[in-house]
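Following this message is one structure expressed as structure tokens.
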Amino acid sequence: MLKEGYVRIPSGCAISGIIDRTGRLFSGQSIADSIATMHDRSNGLGGGFAAYGIYPDFKDYFAFHMFYDDLIAKQETENILKANYIVALEEKIPTRKTAHIKNAPLIYRYFAIPRPEKLKLSELDENEFTIKFVFNINSNIPGAYVFSSGKNMGVFKAVGYPEDVANFYKLESYKGYMWLAHGRFPTNTPGWWGGAHPFNLLNISVVHNGELSSYDTNRKYLEEFGYICTLQTDTEVAAYIFDLLLRRHGLPIELACKVVASPLWKQVERMSPKEKILYTNLKIIYGRALLNGPFSMIIAYEDGFIAINDRIKLRPLTAAKKGDMIYVASEESAIRQVCKNPESVWIPRGGEPVIAELIRDNEKEMYSTKEVTA
């Protein structure tokens, strides 16, 4: 038997994403079936899901999903939470006994809005107020982790194979318009509940296959903007970078993608004068937000998702479309498991994003579609 350090499987991990661009809700069983097809890309040290549209009765409340190691961590967290938020509902997240999911922490969720007087005193908007709360809990209360903090969405993750994680959390009982899934094969970090994917901040969630050699640079860059990395894995920075680019800096989706998977300088040199100025400035301003190393990832936000590879495509990514449904996954088999006859299937080029979005019609309170970009 070869010893640790002599065997390395760098292409491990499985990712999958499904969205109905009309906003129709569908069961979490679909994403569970998709990711289960890629069982052998995982090793049982992490699986997880992000679901959007699952809490319509509390759509205006932050849905905090929490892991606690013990009742002391729970009590300390709730003291801070209730001092700063009005909690409409708190409960254990429903789970079922699953043979291969063991040593579960205490798992709770809270639907809450900031107390007006606390929000006013902070001089922050509710998103920045909530980010400050999340980082405070994750940094300062031993044994407490906020692993999901968006509105009308939630992350469900654990140490285990993803199909077991789906069974554990009764994912078939939830309905959402968009789902992400991850099966983990960690190469440099431990398998623990907080380190499983997806990683989430507010409504941004990320699942990732690969290794970010830029992690330390990315982490130090994010710290300049007040982000704190606490979850012991390189992927965490991707969620915070997209929050920074999309929410705080207001970059268009397409430009945010060109920051994290920036064109090579030799490509910039061949661009038109106008494009050359744009991409040169992006590289100068956001150079430390570049995600370097092999990766494929899916980044979800309230209105859709982005699926993107590193610039030279060192990790697999396939996309497909059928009607208003868009599918992305590490392998085509994971798509065909839940979509037998897609209208089109394609393999995105390195650094070229697949963007699938919902567009809300404000007058009718309905969703219309925006054509997928590939």
- Item | Interatomic distance, Asp20 atom CG to Leu358 atom CG [nearest 0.5 angstrom] |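 If I round to the nearest 0.5 Å, the distance is 8.0 Å.
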
- Interatomic spacing from CD1 in Ile277 to CG in Leu282 - rounded to 0.5 Å: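 Atom-to-atom, Ile277:CD1 and Leu282:CG are 12.0 Å apart.
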
- Does a salt bridge link Lys151 with Glu302, judged by any charged N lying under 4.0 Å from a carboxylate O?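 Not counted as a salt bridge, because no side-chain N and carboxylate O are separated by less than 4.0 Å.
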
- side chain to side chain donor-acceptor pair (under 3.5 Å) evaluation trace for Glu163 with Asn167: CA-CA 6 Å; Glu163 59 267 32; Asn167 183 54; over 6 Å; no

- Item | side chain to side chain donor-acceptor pair (under 3.5 Å) evaluation trace for Tyr286 with His249 | CA-CA 11 Å; Tyr286 290 111; His249 289 187; 2.8 Å; yes

- Query: Where do Ser205 and Pro198 come nearest, in terms of heavy atoms and distance?
  - Reply: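 Nearest pair, atom of Ser205 first, then Pro198: CB-CB, 4.4 Å.
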
- Message: I want to check something: taking the side chain as every heavy atom from C-beta on, are Arg315 and Asn309 in contact at a cut-off of under 4.5 Å?
- Response: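 Touching, per the 4.5 Å side-chain cut-off.
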
- Query: For the side chain of Ser30 and the backbone of Phe26, is there at least one donor-acceptor N/O pair under 3.5 Å apart?
  - Reply: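 No, because the side chain of Ser30 does not come within donor-acceptor range (under 3.5 Å) of the backbone of Phe26.
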
- Task: Under the side chain to side chain donor-acceptor pair (under 3.5 Å) rule, what do Arg109 and Tyr55 come out as? Steps first, then yes or no, please.
- Result: CA-CA 12 Å; Arg109 63 185 170 202; Tyr55 295 137; 2.9 Å; yes

- Looking at CD1 of Ile241 and OG of Ser214, how far apart are the two atoms once the value is rounded to the nearest 0.5 Å?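 Output value for this atom pair is 6.5 Å.
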
- Quick one: closest heavy-atom pair of Leu246 and Ala256, and the distance?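 Of all heavy-atom pairs spanning Leu246 and Ala256, the closest is CD2-CB, 3.7 Å.
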
- Item | Aromatic ring proximity Tyr161/His39, centre distance under 6.0 Å |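 Yes - the distance between ring centres of Tyr161 and His39 falls below the 6.0 Å cut-off.
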
- So, does Asn218 use its side chain to make a donor-acceptor pair with the main chain of Arg288 at under 3.5 Å?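 The answer is yes, because a donor-acceptor pair under 3.5 Å joins these two groups.
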
- Query: Leu291 and Met297: side-chain contact (heavy atoms from CB on, under 4.5 Å), yes or no, with the steps?
  - Reply: CA-CA 11 Å; Leu291 299 179; Met297 64 176 61; 3.8 Å; yes

- Is it true that Glu224 and Lys220 make a salt bridge, defined as a side-chain N closer than 4.0 Å to a carboxylate O?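 No salt bridge links Glu224 with Lys220.
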
- Quick one: does NZ or CZ of Lys74 land under 6.0 Å from the six-membered ring centre of Tyr108, within 45 degrees of the ring axis?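 Yes, Lys74 lies over the aromatic ring of Tyr108.
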
- Within the distance-only criterion (no hydrogens, no angle test), does the side chain of Ser42 pair as donor or acceptor with the backbone N or O of Gly44 below 3.5 angstrom?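 Looks like no, no N/O pair under 3.5 Å.
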
- Item | Row check, Trp265 ring normal vs Lys283 NZ/CZ: under 6.0 Å, within 45° |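 The answer is yes; both the distance and angle limits are met.
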
- Message: For residues Ile131 and Leu121: do they belong to one hydrophobic cluster (side chain heavy atoms under 4.5 Å, members Ile, Leu, Val, Met, Phe, Trp, Tyr)?
- Response: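 Result: no, two separate clusters.
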
- Rounded to the nearest 0.5 Å, how far does SG of Cys257 lie from CG of Leu251?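 These two atoms lie 10.0 Å from each other.
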
- Task: May I ask whether Ile335 and Ile347 are part of the same hydrophobic cluster, defined by side-chain heavy atoms of I, L, V, M, F, W, Y residues being less than 4.5 angstrom apart, directly or through others?
- Result: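 Different hydrophobic clusters.
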
- Message: One thing to verify: whether Glu254 and Lys258 come together as a salt bridge, which I'm taking to mean a side-chain N less than 4.0 angstrom from a carboxylate O.
- Response: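 Result for this pair is no, no salt bridge flagged.
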
- Measure centre to centre between the rings of Tyr85 and Phe129, then say whether the value is under 6.0 Å.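 Distance test on ring centres: under 6.0 Å, yes.
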
- Query: Same cluster or not: are Leu290 and Leu212 linked, directly or through other Ile, Leu, Val, Met, Phe, Trp or Tyr residues, by side-chain heavy atoms under 4.5 angstrom apart?
  - Reply: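 Leu290 and Leu212: separate clusters.
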
- Task: Could you state whether Ile284 and Leu245 fall into the same hydrophobic cluster, counting links through intermediate Ile, Leu, Val, Met, Phe, Trp or Tyr residues with side-chain heavy atoms under 4.5 angstrom apart?
- Result: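 Shared cluster, no.
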
- Rounded distance [0.5 Å steps], CD1 in Ile355 versus CD1 in Ile253: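 If I round to the nearest 0.5 Å, the distance is 6.5 Å.
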
- ILVMFWY network linking Phe225 to Ile299, side-chain heavy atoms under 4.5 angstrom: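 Hydrophobic grouping puts Phe225 with Ile299.
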
- Phe133: which of Phe62, Phe64, Tyr110 passes ring pair (Phe, Tyr, Trp, His ring centres under 6.0 Å):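 Only one option passes, and that is Phe64.
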
- Message: Looking at Lys118 and Glu123, is any side-chain nitrogen of the basic one under 4.0 Å from a carboxylate oxygen of the acidic one?
- Response: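 No, this pair does not count.
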
- Message: I'd like to know if the side chain of Ser344 and the backbone of Pro342 have a donor-acceptor N/O pair within less than 3.5 Å.
- Response: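 Such a contact is absent between Ser344 side chain and Pro342 backbone.
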
- Query: Pick one: which of Tyr68, Phe199, Trp193, Trp192 meets ring pair (Phe, Tyr, Trp, His ring centres under 6.0 Å) with Tyr145?
  - Reply: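 Of the listed residues Tyr68, Phe199, Trp193, Trp192, the ring pair (Phe, Tyr, Trp, His ring centres under 6.0 Å) partner of Tyr145 is Trp192.
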
- Asn292 side chain to Ser213 main-chain N or O, any donor-acceptor pair under 3.5 Å?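 Answer holds: no.
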
- Query: When you check the side-chain N and O atoms of Tyr227 and Asp243, is any donor under 3.5 Å from an acceptor?
  - Reply: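 There is such a pair between these side chains.
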
- Under 3.5 Å, side chain of Arg96 to main-chain N/O of Phe168, donor-acceptor pair present?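 Not a single qualifying donor-acceptor pair exists.
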
- Query: Do Glu78 side-chain atoms and Gln75 backbone N/O form a donor-acceptor pair below 3.5 Å?
  - Reply: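 Not confirmed, Glu78 side chain does not pair with Gln75 backbone.
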
- Query: For Lys170, does its backbone N or O pair with a side-chain atom of Ser173 as donor and acceptor, under 3.5 Å?
  - Reply: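 Between the backbone of Lys170 and the side chain of Ser173 there is a qualifying donor-acceptor contact (under 3.5 Å).
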
- Item | The single option from Tyr174, Phe147, Phe49, Phe67 passing ring pair (Phe, Tyr, Trp, His ring centres under 6.0 Å) against Phe156 |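 In the set Tyr174, Phe147, Phe49, Phe67, the residue that makes a ring pair (Phe, Tyr, Trp, His ring centres under 6.0 Å) with Phe156 is Tyr174.
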
- Task: Could you tell me whether the side chain of Glu128 reaches within less than 4.5 Å of the side chain of Arg248, counting heavy atoms only?
- Result: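 The answer is yes; the side chains approach within 4.5 Å.
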
- Message: Run Thr98 and Asp164 through side chain to side chain donor-acceptor pair (under 3.5 Å) and show every step you take.
- Response: CA-CA 7 Å; Thr98 304; Asp164 293 324; over 6 Å; no

- Query: So, Arg21 side chain and Gly323 main chain: donor-acceptor pair closer than 3.5 Å or not?
  - Reply: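 Judged by distance alone, yes, a pair lies under 3.5 Å.
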
- Task: Could you tell me whether Lys82 and Glu90 make a salt bridge, using a distance below 4.0 angstrom between a side-chain N and a carboxylate O?
- Result: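 Answer for the salt bridge query: yes.
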
- Message: For a quick test of reading the model, state the closest non-hydrogen atom pair linking Met153 to Ser148 and the distance between them.
- Response: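 It is SD-OG, 3.9 Å.
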
- Nearest 0.5 Å please: distance from the NZ atom of Lys276 over to the CE atom of Met271.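 Between atom NZ of Lys276 and atom CE of Met271 there are 9.5 Å.
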
- Does the gap between the ring centers of Tyr240 and Tyr221 come in under 6.0 Å?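 Ring centres of Tyr221 and Tyr240 not closer than 6.0 Å.
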
- For residues Glu236 and Tyr215, is any side-chain donor paired with an opposing acceptor at under 3.5 Å?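 Note: Glu236 and Tyr215 side chains miss the donor-acceptor criterion.
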
- Message: Using a 3.5 Å distance criterion without hydrogens, assess whether the side chain of Asn152 forms a donor-acceptor pair with backbone atoms of Phe58.
- Response: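 The answer is no, because no donor-acceptor pair under 3.5 Å joins these two groups.
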
